[in-house]
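Below you'll find the structure, written out as structure tokens, and then a few comments.
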Amino acid sequence: MSRELEYYSRLVARGRLSRREFLGRAAALGVTATLANTMLVDAVRAAGPVRGGLLKAGLVGGESTNSLDPASFLTQVMFTFGKSWGEYLLTINPDGSLRRCIAEDYGASEDAKIWTFKIRQGVEFHNGKTVTAEDVVATLERHSNEESKSGALGIMRGIEKLEASGNEVIVTLKEPNADLPYLMTDYHLIIQPNGGKDNPAEGVSAGPYKVVVDEPGVRHVGERFANYWDADTLGFADQVEVIVINDATARTAALQGGQVHMINRVEPKIIEMVQRIAGVRIENAAGPGHYVFIMHCNTAPFDNNDLRMALKLAMNREEMVEKILRGYGTAGNDFPINASYPLFPDDIEQRVYDPEQAAFHYKKSGHDGSILLRTSEVAFPGAVDAAQLYQQSCAAAGIAIEIKREPGDGYWTEVWNKQPFSTSYWGGRPTQDQMYSTAYLSTADWNDTRFFNEKFDQLVLAARAELDETRRKQMYRDMAVMVRDEGGLILPMFNDVIDAVSEKVGGYVTGKTHELSDGFALAKCWLNA
Amino acid sequence: MGGAIARLIAQRIALGVLLLFAVSVLIFAGTQILPGDVAQSILGQSATPEAVANLREELGLNRPAVVRYFDWLGGILTGDLGRSLSNNRDIATAIGQRLGNTLFLAGVAAAVSVPLAIILGLIAVRYRNRWPDKMISAVTLASISLPEFFIGYLLIYLIAVQLGWFPSVSTVYDSMGFWERLSAVALPAATLTLVVLAHMMRMTRAAILNVMQSAYIETAELKGLSQFDIIRRHAFPNAVAPIVNVVMLNLAYLVVGVVVVEVIFVYPGMGQYLVDHVSKRDVPVVQACGLVFAAVYISLNIVADVVAIVSNPRLRHPK
């Protein structure tokens with residue numbers, strides 16, 4: 001039996017048999033889907049990468065205002081294309097470990113305040129120059145400069161001094177930070193010649209592809225870089241192309257018509273239809289991204305913890321996952337961390353929908369009258385529907401919610417982080433420390449729940465300097481419980497990232513945090529012969 | 001006679017230029033009163049006050065609006081549209097490419113839809129109130145009644161996905177040959193044709209029918225001319241003016257109003273370009289696009305006027 005199946009799996013690897021047919025035959029032979037899938041992955045790996053061809057992705061999230069300057073990266077197209085032409089000090093593997101790229105090795109002083117990165121020798125930029133420690137320092141300097149307006153500025157603020165010494169880069173921090181190597185994987189931190197100080201938008205780095213066409217908001221093309229330092233791991237297609245397709249239906253049609261090989265952001269409501277398309281499969285990954293309802297802890301009536309608790313208990317999380325995400329996600333527990341993060345505290349009790357307890361806390365808060373919730377289609381896909389579901393589940397607890405639908409244009413400047421109760425989303429961060437520092441520290445720019453808790457702030461700083469993982473995990477657990485029980489965050493669901501990929505694509509690996517194999521799909525995949 | 005026409009045309013063009021200046025004032029004033037400070041919206045919410053002040057200085061926002069207007073106007077008259085604030089690209093180059101794409105798509109759509117609409121209109125008149133007339137009206141009215149995105153999706157589903165004749169993604173680029181380009185824009189051009197066909201067809205039909213009531217048509221009939229000859233030689237020339245007006249209106253729409261079709265077919269035209277920059281409050285680009293659109297509208301209307309004058313002896317020889 002298994003020999004027959006092995007034969008079939010090799011056929012799939014060579015593209016002679018579709019994945020769906022294979023699974024059908026496996027089922028007929030009485031093999032579970034899980035085992036069949038494992039066999040398939042092994043067979044495809046054994047068949048090995050195929051070189052050549054033009055690998056195309058149709059992606060949402062590109063505008064004609066985009067620039068190749070990595071400091072300006074914000075949306076998915078530049079994120080994904082950047083990972084095809086850019087090279088980083090370190091990147092995160094799908095299993096959560098770090099891949100050593102330009103940094104061949106790294107280490108910290110005992111107090112995690114001084115970090116040393118050893119620069120790999122002989123790595124070449126697309127312009128023929130060799131990557132030096134000076135280039136790395138210049139890159140980090142440019143992104144730490146307030147004037148660069150870099151998206152990575154927030155994580156670079158903690159750096160006090162940067163110096164190059166031989167083939168080593170020495171980073172001195174203001175405060176100890178055990179997570180620094182993870183922060184270096186930020187997608188803005190593409191290493192450029194002289195740090196891109198001369199011409200930030202020229203699109204030159206040391207990645208597997210070099211930029212040949214750059215038409216913002218239309219398409220971007222990369223051509224395989226012959227002298228890439230790690231050609232056995234990345235860069236199998238001769239060319240990669242990103243076509244900007246912001247319309248969801250057009251994206252699906254392009255994949256169905258074979259004009260692109262992979263698309264991002266498949267809406268949960270059309271997944272079943274996409275699954276029925278021959279030669280296409282859905283790839284979903286549980287990421288750290290989440291949808292939130294946020295209350296300002298310092299604004300009446302939300303300055304009352306009983307009211308906040310009532311509103312948290314009145315959230316029907318299971319219903320949200322089922323109806324808004326169609327099952328492609330997991331229920332949240334009112335703190336912004338899930339299993340995607342290292343050192344995730346997995347023993348905190350799951351909060352469930354409890355209208356009676358909610359009514360109890362609501363009564364105790366003494367609040368009277370309806371509560372205004374602002375939402376918009378742009379807050380997250382299905383945000384308006386989610387607000388209405390929430391209105392219903394609150395009504396069952398005797399809490400009246402009034403929904404105000406705000407226009408999408410201006411929602412992020414006029415409503416989010418300004419109004420006391422609104423819907424929003426977070427994309428997640430590489431580490432727990434980053435997530436808490438970005439949005440829950442008293443001094444954070446984006447403290448969108450107005451959470452001011454001295455004890456919490458101290459814990460964040462202490463955890464940063466703690467190199468012992470057990471103690472650190474305990475600290476993260478304490479922080480999570482504080483946000484969960486005292487914060488202004490209602491977190492009903494973590495959303496999966498959902499891509500659709502053609503059968504022709506080989507080597508697709510489910511990502512850890514972001515869509516399209518954490519953005520590396522174009523660099524990592526190949527076209528089956 | 002020639003002199004009189006030349007003078008009339010020169011007058012129209014001068015009026016058009018004057019109008020364009022008036023529009024430029026409106027565009028400039030309009031972008032100035034957009035809510036929010038330009039420097040603030042470029043730098044985003046996390047901007048420091050110093051950075052905003054620096055950028056205001058850099059953009060010259062501290063000078064009086066009148067001075068800035070004439071600076072801007074001077075730049076445009078010398079062909080300098082400035083640089084985009086969001087990605088620091090030369091606006092003239094970017095617009096040139098996008099406008100070329102838009103005009104190509106509009107041109108293809110017009111080349112198909114205008115003759116088709118007029119011929120269908122003529123046929124409808126010839127067989128007035130009989131089945132060809134009713135069928136033409138029903139089909140074109142149905143296609144104009146459907147929203148353009150729906151027609152677009154329908155064509156994508158049937159022609160691109162089911163039949164696979166043309167691509168659903170119409171991205172065009174420089175290295176493409178003419179026929180390749182034509183195949184790429186086939187679906188959006190077909191969508192636009194279906195959208196504009198009815199308006200032009202109905203106008204042709206109505207204008208000619210109006211003329212057909214005249215006494216001289218009856219004379220022509222009594223002379224024994226065939227129906228098509230009467231329509232072609234006697235009725236159509238007198239109905240040209242209103243038809244040209246409608247045709248130009250639709251051509252203008254094909255150039256300035258096709259954002260939805262561009263999005264559905266992923267076509268890199270002016271509409272998408274403008275929308276992207278409006279949402280980023282990239283004012284110089286918005287101003288430049290506004291001016292280009294105004295110029296297209298005004299010049300197409302001048303053409304309509306001129307054709308109307310040339311085709312009408314009463315306007316050609318004013319008393």
Side-chain angles (χ1 to χ4, degrees), chain A residues 56 58-60 62-69 72 74-75 78 146-149 151 153-154 199-201 212-219 221 241-260 263 277 378 408-410 412-414 416-418 444-446, chain B residues 35-36 40-48 50-51 54-55 84-89 94 97-98 101 149 152-153 155-157 159-164 166-175 187 260 262-270 272-282 285:
Chain A
K56 293 194 278 190
L59 307 182
V60 61
E63 300 86 25
S64 35
T65 50
N66 287 152
S67 156
L68 280 179
D69 177 1
S72 73
L74 205 60
T75 40
M78 296 320 276
E146 296 280 341
E147 273 168 31
S148 75
K149 298 162 213 156
L153 185 59
N199 183 4
V212 288
V213 176
D214 173 43
E215 294 175 29
V218 183
R219 61 185 201 122
V221 180
E241 176 171 4
V242 177
I243 303 174
V244 181
I245 312 182
N246 287 319
D247 182 74
T249 313
R251 214 157 52 242
T252 318
L255 180 67
Q256 194 174 3
Q259 286 185 281
V260 296
I263 59 174
I277 303 174
V378 300
D409 189 21
W412 301 112
T413 49
E414 304 300 325
W416 172 74
N417 212 4
K418 290 246 167 78
D445 291 336
W446 291 337
Chain B
Q40 182 76 49
S41 43
I42 292 168
L43 292 177
Q45 64 193 113
S46 52
T48 58
E50 300 91 65
N54 283 344
L55 191 65
S84 150
L85 298 177
S86 48
N87 57 4
N88 202 28
R89 292 192 168 213
Q97 211 168 22
R98 294 293 187 121
N101 288 344
F149 69 86
Y153 287 153
L155 290 181
I156 287 182
Y157 178 71
I159 296 180
V161 173
Q162 295 297 323
L163 299 172
F166 294 108
S168 69
V169 173
S170 306
T171 312
V172 291
Y173 33 90
D174 289 342
S175 55
L187 289 188
V260 174
E262 283 180 13
V263 170
I264 292 174
F265 290 101
V266 202
Y267 189 75
M270 285 285 281
Q272 189 59 50
Y273 182 71
L274 174 63
V275 169
D276 280 353
H277 286 86
V278 167
S279 61
K280 287 274 155 67
R281 300 283 186 274
D282 196 335
V285 179

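In what follows, every chain begins at residue 1, and chains take the letters A, B, ... in the order their sequences are listed.
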For this session: Could you tell me whether the side chain of A:T252 and the main chain of A:A248 form a donor-acceptor pair under 3.5 Å?
Result: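 Yes.
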
Exercise. Counting N and O atoms only, with roles assigned by atom type, does the side chain of A:R219 sit under 3.5 Å from a partner on the main chain of A:V242, one being a donor and the other an acceptor?
Worked result: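 No, because the side chain of A:R219 does not come within donor-acceptor range (under 3.5 Å) of the backbone of A:V242.
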
For this session: Give the intermediate values and the outcome of side-chain contact (heavy atoms from CB on, under 4.5 Å) for residues B:I156 and B:F265.
Result: CA-CA 9 Å; B:I156 287 182; B:F265 290 101; 3.5 Å; yes

Against chain B, label [X] side chain, backbone, both or neither, depending on which of its atoms sit under 4.5 Å from a heavy atom there.
X	answer
A:N66	backbone
A:A253	both
A:T65	both
A:V213	neither
A:E63	both

Exercise. Yes or no on side-chain hydrogen bond (donor to acceptor under 3.5 Å, both in side chains) for B:N101 and B:Q97, after CA distance, side-chain angles and deciding distance?
Worked result: CA-CA 6 Å; B:N101 288 344; B:Q97 211 168 22; over 6 Å; no

Toward chain A, the part of [X] with a non-hydrogen atom under 4.5 Å:
X	answer
B:S84	neither
B:V169	both
B:Y153	side chain

Problem set entry | Heavy-atom closest contact (A:I245 atom, A:R251 atom, distance) |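 Heavy atoms only, the tightest pair is O-NH1, 3.1 Å.
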
Problem set entry | Closest approach of A:I277 to A:Q256 (non-hydrogen atoms, all atoms of both residues) |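 That closest heavy-atom pairing would be CG2-CG, 3.6 Å.
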
Exercise. Pick from B:Q272, B:H277, B:R98: which one has the most heavy-atom pairs with chain A under 4.5 Å?
Worked result: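 Of the candidates given, the most pairs with chain A belong to B:H277.
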
Exercise. Can you tell which of B:G152, B:S168, B:P268, B:A94 has the highest number of heavy-atom pairs within less than 4.5 Å of chain A?
Worked result: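 Max contact count across the listed options: B:S168.
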
Exercise. Given B:T171 and A:V218, is the side-chain contact (heavy atoms from CB on, under 4.5 Å) satisfied, shown in steps?
Worked result: CA-CA 7 Å; B:T171 312; A:V218 183; 3.5 Å; yes

